[in-house]
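Inspection log for the structure reproduced underneath, given as structure tokens.
Numbers restart at 1 for each chain; the letters A, B, ... are given by sequence-line order, proteins then strands. Not measured: the values here are computed from a predicted model.
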Amino acid sequence: MLSKTLTNMRRTPYQAAAAILVLTITFFVADVVGFASISFYQAFKYFETRPQVLIFFKTDAVEDQINAVQQQLKDDTRVSSVTYVPKEQALDIYKDLNKNDPVLLELVTADILPASLEISTFDLPSLKSVASEVQNSPGVDEVALRSDIVDVLNNWLTGIRLGGISFVGLLAATSILIVVIIVGMKISGKQYEIKILELIGASHWYIQGPFLLEGVLYGFFSALLAYIISVTLLLYSTPYIIQFAGEVPLLPTAPLSLILIFTVSVLLGVMIGFSASWIALKRFLKL
Amino acid sequence: MITFDSVSKIYAPNHIALDDLSFQVDPGEFVFVLGHSGAGKTTLLRLILREIRPTSGKIIVADHDLSLLPDKEIPHLRRQIGSAFQDFKLITDKTAFENIRLAIEILGKPKAEIDQITHSLLEQVGLKDKGSLFPSQLSGGEVQRVTIARALALDPVLLFADEPTGNLDQDTSLQIIKLLNDINENGTTVIMATHDQKLVNKFPHRQIHLEKGKLIKDTKPHHPSKPKDEPRSQEKD
């Protein structure tokens with residue numbers, strides 16, 4: 001049956017190319033959406049696990065004031081971690097960040113940098129209340145919240161997922177229709193042969209099988225081709241994206257995620273191809 | 001082998017193709033079904049193949065009561081009936097070999113076995129060297145031989161040939177009937193529908209005469225070598 005199906009595809013190369021092309025576009029977009037979702041999710045998790053509130057002390061704040069705030073936060077059940085960054089360590093961080101700019105390094109000393117506390121809460125809603133409570137503590141100069149970044153990333157992630165799924169859904173529907181039309185045309189073109197097969201005693205499965213397999217092969221080859229293209233592009237662009245994103249781990253994509261996207265994509269391809277052929281058979285073939 | 005019991009077939013709106021037809025064909029018989037165009041010969045074949053259902057009456061083919069046969073069993077029935085059609089029903093973009101091969105392929109046999117059976121069938125119908133030709137490259141008689149070879153592909157218990165000599169000259173027609181005769185001598189029941197009374201009179205087989213869907217005469221076989229077989233006439237009109 002496989003060789004018969006492949007022969008059918010070979011004998012109508014333009015129809016086969018059209019089906020594979022439109023399905024490949026669909027799966028390419030689906031793969032890109034999949035990889036983007038995974039990258040943004042990695043970034044989201046990264047920011048979520050970073051210190052989410054930074055409490056900067058005034059440069060003239062005394063050690064007792066800092067210790068009091070630190071103790072208050074350690075006793076707070078909403079807070080998951082508290083890390084003290086003294087002036088000297090702040091200078092080290094500053095130096096590390098600006099190691100390529102000696103002029104900036106010359107101008108800054110530990111005295112003018114503030115000591116700070118980096119804290120994380122168990123959940124995002126507690127961030128704002130904890131921040132407002134320490135805002136007016138003695139010695140505190142400024143409280144910076146990172147929840148904004150997490151919120152923005154979360155919105156991006158939701159947007160990519162919803163927008164991506166909608167767009168891929170639209171493309172998938174278009175692809176199904178095109179495969180239905182192509183397989184339907186083939187069925188119509190073979191009505192005479194199908195009639196003969198029926199009369200000589202061919203089973204329904206023998207007649208329908210090659211058409212179903214044709215749709216499945218369109219889906220399979222398209223999903224495979226789209227995956228190869230998208231992974232090639234991903235691997236090619238990974239160094240540039242890593243450089244652009246800095247410390248945020250957008251890439252590389254984990255091998256498990258690559259396998260997951262491949263599996264889901266191929267399974268979807270087979271399902272879409274099968275469904276489209278099945279619809280065409282129900283619509284165009286009366287046995 | 002075949003029993004028609006008061007079978008009628010009326011096509012919409014009220015064209016009577018077969019009218020209260022009753023006859024029986026025993027295993028191993030060779031029967032000519034005679035009648036002019038529109039007598040109901042092709043309808044007979046279509047009913048036997050369960051391509052259509054009778055309006056009334058009962059049909060039994062190879063122990064299958066066709067009115068009770070589930071749709072999923074139809075392919076199994078058709079594999080027991082070899083059919084050579086009036087319009088050949090060959091696939092024009094397949095060679096003679098491929099057309100015959102197709103009928104064996106549906107059983108899912110191994111490729112080597114399919115090829116071996118196909119070659120043997122081509123040889124049986126005298127087209128050993130013409131398997132690679134397309135139907136358009138064959139003569140009328142050769143095309144008919146291909147349809148007969150295809151009909152034999154599944155080793156059927158019954159062969160129904162619908163006007164196999166319709167467009168052939170006298171000599172070729174005789175060759176085709178001789179071929180059907182050989183097939184019958186190997187044990188296959190053969191029914192041949194034709195309008196050519198002169199042609200069938202050259203053979204000693206039973207004749208069923210149809211006219212406007214009615215059975216008007218059913219003659220017994222007359223074997224010259226067996227003088228005791230007197231022609232039986234069942235004049236209905």
With the threshold set at 4.0 Å, does a side-chain nitrogen-carboxylate oxygen contact exist between [X] and [Y]?
| X | Y | value |
| --- | --- | --- |
| B:R101 | B:E98 | no |
| B:R53 | B:D71 | yes |
| B:D115 | B:K111 | yes |
| B:K9 | B:D19 | no |

(message) Quick check on A:I200 against chain B: is it the side chain, the backbone, both or neither that has a heavy atom closer than 4.5 Å?
(response) both
(message) Report which part of A:L197 has an atom under 4.5 Å of a heavy atom belonging to chain B: side chain, backbone, both, or neither.
(response)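 Looking at A:L197, just its side chain touches chain B.
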(message) Do B:K89 and B:F85 form a cation-pi contact, if we require the NZ or CZ to be under 6.0 Å from the six-membered ring centre and within 45 degrees of the ring's axis?
(response) yes
Below 4.5 Å from any heavy atom of chain A, which atoms of [X] appear? Answer side chain, backbone, both or neither.
| X | value |
| --- | --- |
| B:L154 | side chain |
| B:I91 | both |
| B:K94 | side chain |
| B:Q80 | neither |
| B:R150 | side chain |

(message) Please determine whether the number of non-hydrogen atoms from other residues, nucleotides or ligands lying under 6.0 Å from atom CZ of A:F284 exceeds 12.
(response)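 Yes, enclosed.
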